[in-house]
Amino acid sequence: MAEIEREREALREQETAAEHYYDYEARFVKQKREKERINFLPRVIKPAMFAPGEFALGDIHINARYTVAPLSSLTCGFVELCALEKNPPKRAIHSELVYIIDGSGESIQDGKVIPFHAGDAVIVPAYTMHHFMTIAVDGFRAWLPQVRLWHNQGLLWREQQSEEKIPLQAQKDRKLEEIFQARRQVQTIRPEKSRYDWFLNRLAEENQLEQNGPRVLSGRDGKWELTRQGRLKFLISRWTEVANHSLDLMEQEIAPGERSGEHRHIFEELLLVLRGRGHDLHEGTRHSWQAGDLICIPPMIAHQHVNDGDEMARLVSVWARQPGHEFLGGIEQLSDASDWQK
């Protein structure tokens, strides 16, 4: 009997080892397939190619990555309202970043009215009931880039105020309401006597930023800089003090016949073409773009933007803040912009 048990145990160990082995092999197979999809999928996504529904590059769920574009951590959507129109109120656990492409309107956040204009960046903090409305005759159009990090962390909850809730969902929403009300009561920043105290103070600091920080960053107040990469304006960067900062946002202008610098970074980047036409160079491959297109920069790809038109080209770019600046290193400059003067 003991011998039979030993044989069974040995068999179970072999099965476990085989399972781990094949799982290990499967990872390489999956990585190879993902790399193939990155190389196969287009780098420029035109409006006719946008995925149906709310997210132009595929749903925010991680299982929708590499389906429309060669990006894993970034997706985006658009909001477009006509004159005197508003969309239904909603709120989510994660924050939202909204770049106003054209027009003007108001962001209503927990009853607070926040006006905005073309070129502005609107910040919607976590768990904030909000909607957009416009009083302008031409309405407005906005771009909503997002990170798919929320799916990995189980933070995709979103409440649509107009929906009729089932009892179980209503109970969960009340619990979430209690959690966020309690978190927002934390306001006192205490002396840090241990490293753990930093984490405790982080919540109080974030609450103060949410309460006192700007909800809209004016594009008119942004400062243009002449850099080795070209003419840039950062609306949100590592040093911008806004609540729930998950994405950086930068604008770039390229004069007719000119080109940006060529650089490379490990993190992904997503750009919206606001005006003009041109092409990207990605390590020997050419990708044409025009106003309204999305440019996708996969990780570790050397890239450069070229203006082929007779007007100033304008791009707006986002990347995930933490991977971009703190986890995956900085930017490697390979060549300078054509109009850069040392």
Keeping [X] on the side-chain end and [Y] on the backbone end, is there a donor-acceptor pair under 3.5 Å?
{"X": "Lys233", "Y": "Gly219", "result": "yes"}
{"X": "Arg37", "Y": "Tyr66", "result": "yes"}
{"X": "Ser260", "Y": "His305", "result": "yes"}
{"X": "Asp248", "Y": "Trp319", "result": "no"}
{"X": "Gln333", "Y": "Ser335", "result": "yes"}
{"X": "Asp120", "Y": "Ile100", "result": "no"}
{"X": "Gln252", "Y": "Leu232", "result": "no"}

Steps toward side chain to side chain contact (heavy atoms under 4.5 Å, CB included) verdict (Val68, Phe50): CA-CA 8 Å; Val68 180; Phe50 290 173; over 6 Å; no

Shared-cluster residues of Ile295, by chain and number - hydrophobic side chains joined below 4.5 Å: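 Members alongside Ile295: Val44, Ile254, Leu271, Val273, Trp289, Ile297, Leu315.
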
How many angstroms lie between atom [atom1] of [X] and atom [atom2] of [Y], to the nearest 0.5 angstrom?
{"X": "Ser288", "Y": "Asp308", "atom1": "OG", "atom2": "CG", "answer": "7.0 Å"}
{"X": "Glu241", "Y": "Ile236", "atom1": "CD", "atom2": "CD1", "answer": "13.0 Å"}
{"X": "Thr134", "Y": "Lys86", "atom1": "OG1", "atom2": "NZ", "answer": "13.0 Å"}
{"X": "Thr67", "Y": "Asp59", "atom1": "OG1", "atom2": "CG", "answer": "9.0 Å"}

Would you say the side chain of [Y] lies within less than 4.5 Å of the side chain of [X], judging by non-hydrogen atoms?
{"X": "Ile123", "Y": "Pro214", "value": "no"}
{"X": "Leu209", "Y": "His245", "value": "no"}
{"X": "Leu281", "Y": "Arg259", "value": "yes"}
{"X": "Leu270", "Y": "Ser317", "value": "no"}
{"X": "Glu251", "Y": "Tyr99", "value": "yes"}
{"X": "Ile189", "Y": "Gln208", "value": "yes"}
{"X": "Arg321", "Y": "Ser246", "value": "no"}
{"X": "Glu225", "Y": "Phe234", "value": "yes"}

Give every donor-acceptor pair under 3.5 Å between a side-chain atom in residues 137-147 and any protein atom, sequence neighbours left out.
none

[X]: side chain to side chain contact (heavy atoms under 4.5 Å, CB included) partners, not counting sequence neighbours:
{"X": "Thr188", "value": "Arg190"}
{"X": "Pro42", "value": "Ile45, Met49"}
{"X": "Lys35", "value": "Asn39"}
{"X": "Glu311", "value": "Arg275"}

Where at least one partner belongs to residues 110-119, residue pairs that pass side-chain hydrogen bond (donor to acceptor under 3.5 Å, both in side chains), sequence neighbours excluded: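 Passing the test, one end in residues 110-119: no pairs.
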
Where at least one partner belongs to residues 195-222, residue pairs that pass ring-ring contact (aromatic ring centres under 6.0 Å, His included), sequence neighbours excluded: none

Candidate pair Glu85 and Met133, rule side chain to side chain contact (heavy atoms under 4.5 Å, CB included), full reasoning: CA-CA 6 Å; Glu85 187 180 6; Met133 63 181 299; over 6 Å; no

Worked check of side chain to side chain contact (heavy atoms under 4.5 Å, CB included) between Thr128 and Arg91: CA-CA 5 Å; Thr128 299; Arg91 60 180 166 183; 5.6 Å; no

For [X], which residues count as a ring pair (Phe, Tyr, Trp, His ring centres under 6.0 Å) partner, sequence neighbours excluded?
{"X": "His94", "answer": "Trp150"}
{"X": "His265", "answer": "His263, Phe267, His303"}
{"X": "His279", "answer": "none"}

Stepwise side-chain hydrogen bond (donor to acceptor under 3.5 Å, both in side chains) check, Ser107 with Gln109: CA-CA 6 Å; Ser107 174; Gln109 301 184 17; 3.1 Å; yes

Smallest separation among heavy atoms of Gly261 and Gln304, with atom names: O-CG, 3.6 Å

Heavy-atom closest pair, residues Met300 and Arg264: O-CD, 3.5 Å

Working for side chain to side chain contact (heavy atoms under 4.5 Å, CB included), residues Phe116 and Val98: CA-CA 10 Å; Phe116 56 75; Val98 184; over 6 Å; no

Exercise answer: donor-acceptor pairs, residues 71-83 side-chain atoms, under 3.5 Å, sequence neighbours excluded:
residue: Ser72; atom: OG; partner: Arg65; partner atom: NH1; Å: 2.7
residue: Ser73; atom: OG; partner: Glu268; partner atom: OE1; Å: 2.7
residue: Thr75; atom: OG1; partner: Gly58; partner atom: O; Å: 2.9

Salt bridge present between Asp336 and Arg228 (N-O < 4.0 angstrom): yes

Note: Arg183-Glu206 ion pair, threshold 4.0 Å (strictly below):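 Judged by the 4.0 Å cut-off on N to carboxylate O distance, Arg183 and Glu206 do not form a salt bridge.
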
